[in-house]
Protein chains: 4
Amino acid sequence: MTSDDKLLANAPLGRSARAERAILDATRELLADNGVRGLTIEAVTARSGVAKTTIYRRWRDRDELALAAVWTDLDTGLESPGDLGDTRAELVAFIEPVVTTLRSALLSNVIRGLASEIATNPELSRVYREELIEPRVAQVELVVKRGVQRGDLRPDTDARLAHEMLVGPVLYRLLFSGAPLDDDLGSRIADAVLRAFASDSDG
Amino acid sequence: MTSDDKLLANAPLGRSARAERAILDATRELLADNGVRGLTIEAVTARSGVAKTTIYRRWRDRDELALAAVWTDLDTGLESPGDLGDTRAELVAFIEPVVTTLRSALLSNVIRGLASEIATNPELSRVYREELIEPRVAQVELVVKRGVQRGDLRPDTDARLAHEMLVGPVLYRLLFSGAPLDDDLGSRIADAVLRAFASDSDG
Amino acid sequence: MTSDDKLLANAPLGRSARAERAILDATRELLADNGVRGLTIEAVTARSGVAKTTIYRRWRDRDELALAAVWTDLDTGLESPGDLGDTRAELVAFIEPVVTTLRSALLSNVIRGLASEIATNPELSRVYREELIEPRVAQVELVVKRGVQRGDLRPDTDARLAHEMLVGPVLYRLLFSGAPLDDDLGSRIADAVLRAFASDSDG
Amino acid sequence: MTSDDKLLANAPLGRSARAERAILDATRELLADNGVRGLTIEAVTARSGVAKTTIYRRWRDRDELALAAVWTDLDTGLESPGDLGDTRAELVAFIEPVVTTLRSALLSNVIRGLASEIATNPELSRVYREELIEPRVAQVELVVKRGVQRGDLRPDTDARLAHEMLVGPVLYRLLFSGAPLDDDLGSRIADAVLRAFASDSDG
DNA sequence: GACTAAGCGAGACGGTACGTCGCGTCTTAAA
DNA sequence: TTTAAGACGCGACGTACCGTCTCGCTTAGTC
């Protein structure tokens, strides 16, 4: 649901637009209820009143539909925080929204359910990487560059590794260890990453 | 397949043991060929010549079977490296086998394919956590404890977070970013984690 | 395509007439290619470039369209042969065109494909009976009447039964026995029917 | 339902036999109710409580199932009437059961509905011809042979044509003309066929 | 050395969901 | 106004596997 949609929420919708909205709404409800396991195309048709054909006309399969249904949610927080004047603050500003987003029942369910699919399906993997991961890596690169300029971070800091050390632990908790995404998880990770790449003169 | 089995490898096997071996072998082959998607119970019966009933008598479903088939591989490297006299060396000794293991086609396929199931199925999740994750957390705790004693690490080092920062990036690459598990990945992660939790006097 | 159409072939056609011709042409092509099974409305739109709506505006369903497309062919040969002065000749003149017509790939395909629909759909059945069958029964009645007057046929000859014995075997071959519609089939049937209803003094 | 089945009606049936009976019963009910149009595999599963898979395991498609469901009915009356000492009686004995059988709602519905399929599907056509038509042609051949020996029929009588003139009119009524299968239809056809092939000295 | 009974292969069964096809209806924009 | 274009709701298709259930047969292990 983009901001355009919100502005036009009361405008008349064509059949297609109405169908699409009904499909995505039903999909999100089913995902929130039972995770990806509870999402079947037939359940979507039943709940949305939209024909199977119409769903398949838009999305190749269940996984694409699931991803589409939560895409805007995953996509948020991508606007760069910009220069906050403080490297730690910028790291926190990067990782906090990730933690917060993945704390929601809907999104945690979806990521848990789609992880295998994303890891397995080349097309899905490509989209996910290009649209979600790389922009975030680029964000971290900016943060790192500014940190280096400030003298906070070592000049040879590997931004990609920094990115992985920021988000890796969060997803590890989500998928494998089951440890909770505490309120302070983001800042603790940010602290650790800051120290991991801090310039020596920073002591 | 326990070590007992190995000792008895040339001993005559009963029907049951033969069936179990045939099932697990077929499972591993199917997993290696096409990942978890290619693993169906019916394919296992077809390839192993074992009856469906016999499979279901031993494992609840496809996912338990898949995990069982690779369990020994996942389970290796758990023996603590012990005191190497050097904290960095111990961190490397911890993370290197993880990277190496996950680099194999079989195991990377399996983990990619089972990630969602592990994240989703409570029973599987419990087993995975208790049998695989917690022992490794305990290992890291030992490394951290020794590192603190040596004055290398800060006394308040969070071993669990350290563990997550060690393995999280590896699994993140495996599942999401698709970045390769380079030969030096383990040592670079170990370096970063060491600095992240290094005591200040360590500079 | 009626003879009127041919006369007007170079005259400008309205959109409607052009659409209708395109529909019927495509229908006949599809019927000839794969019989009634190959005839789908969607295939007709694809081949004719005509919209579905336009088809449904003219014919209720696939079967009506199929029948319409071959109607002129079925309808031919209805002009009474008139008095040939010889009863056997008149019987042959009746049945020969039927055999010849049903020998064509197009019409045999269509009749085979539509038989069930004609036998089943009341409206189609009514049209078929009134427009095709009854006129032919009437023709046979004329032949019979003249045959009786000539003293060739018994006065109580049942023209309807005679008609059925003329065309029944042909359609039986077409639909069920698969026996070929030989060149001499018409005359052999005519002979048999002639004898079946011949007046006794005829010996 | 063969006579064996009747004798064993109270014997315990295996799962398979029970399923098969349930399928065929449901099929016959649906056919009787709405003809072949009312017969869908899904309706059969719903009414019989048997799974779709089980149906498809036994019959390739709807049409094979329909034919199987009425096969025994179609197959009856095949026992040769034997030498009745009278050619006309033997012709009547041949055609009467055909008329009677096709008068039933069930069988007339089925034949009407399957005619196109039988005429169109090569495999179905082959089975129908070999199992139903040819045996009846053979029956007529016997009748003809005896009739010739008795001096009732011409030595060159074409038994196949005779067969077609016997059954053709009945099926023509059933499928196309809609004329009723009167009680005396069989004997009137038999009379006509007898005269059609009667030896000249027979007057 | 014969006799059980547990375990096996084979595979049919009821079931869920899949993704596809073609139907006949409805909407929209262009001619 | 009629058309081409094509999306929509719908019903049924035939398929893939699921996990359950007989069913004989094999095969140890017990008398």
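Protein chains get the first letters and strands the later ones, always in sequence-line order, with residue 1 at the start of each. This one's a predicted model, so the numbers in the text were calculated from it and none came from an experiment.
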Undergrad: Got a donor-acceptor contact below 3.5 angstrom from the D25(D) side chain to the R28(D) backbone?
TA: no

Undergrad: Within this structure, what is the CZ-to-P distance between R37(D) and dG11(F), rounded to whole angstrom?
TA: 17 Å

Undergrad: Please report, rounded to the nearest Å, how far the C1' atom of dA4(F) is from the CD atom of E20(C).
TA: 17 Å

Undergrad: Answer yes or no: is there a side-chain heavy-atom contact under 4.5 Å between L67(B) and L74(B)?
TA: yes

Undergrad: For dC8(F), does OP1 or OP2 lie under 4.0 Å from any side-chain N or O of S16(A)?
TA: yes

Undergrad: Give the rounded distance in Å between these two atoms: CG of N34(B) and P of dC17(F).
TA: 11 Å

Undergrad: What integer distance in Å separates I55(C):CD1 from dC23(E):P?
TA: 9 Å

Undergrad: Quick one, W59(D) and L24(D) - any side-chain contact, counting heavy atoms below 4.5 Å?
TA: yes

Undergrad: How long is the line joining CD1 of I23(D) and C1' of dG14(E), in whole Å?
TA: 11 Å

Undergrad: Phosphate oxygens OP1/OP2 of dT3(F): is one of them under 4.0 Å from a side-chain N or O of R58(C)?
TA: yes

Undergrad: Can a donor-acceptor pair be found, under 3.5 Å and without considering hydrogens, that links the side chain of R112(A) to the backbone of T120(B)?
TA: no

Undergrad: Considering residues, nucleotides and ligands other than R37(C), do more than 12 of their heavy atoms fall under 6.0 Å from its CZ?
TA: no

Undergrad: Looking only at atom types and distance, does a side-chain atom of S116(A) sit under 3.5 Å from a main-chain N or O of S116(B), one as donor and one as acceptor?
TA: yes

Undergrad: Got L175(A) and L175(B) here, is their nearest side-chain heavy-atom distance under 4.5 Å?
TA: yes

Undergrad: Just wondering, do R62(D) and E117(D) contact through their side chains at under 4.5 Å, heavy atoms?
TA: no

Undergrad: Would you indicate, yes or no, if dG14(E) has its OP1 or OP2 atom less than 4.0 angstrom from a side-chain nitrogen or oxygen of T54(D)?
TA: yes

Undergrad: How does protein contact run along nucleotides 16-22 of chain E, one letter per nucleotide 5' to 3', with B for base contact, S for sugar-phosphate only, - for none, heavy atoms under 4.0 Å?
TA: -SBBBBB

Undergrad: Specify the residues of residues 115-126 of chain A, ordered by number, for which at least one heavy atom lies under 4.0 angstrom from an atom of DNA chain E.
TA: none

Undergrad: Would you compute the distance between atom CD of E29(A) and atom CG of L31(A) and round it to the nearest 0.5 angstrom?
TA: 10.0 Å

Undergrad: Would you mind reading off the bend of the helix from dG1(E)-dC31(F) to dA31(E)-dT1(F) from its two end axes, five pairs each, to 10 degrees?
TA: 10°

Undergrad: With a 4.5 Å cut-off on side-chain heavy atoms, are D33(C) and R47(C) touching?
TA: yes

Undergrad: Ignoring hydrogens and angles, state whether a donor on the side chain of R57(B) or T53(B) is under 3.5 Å from an acceptor on the partner side chain.
TA: no

Undergrad: Would you mind reading off the distance between W59(B) atom CH2 and dG19(F) atom C1', rounded to a whole angstrom?
TA: 16 Å

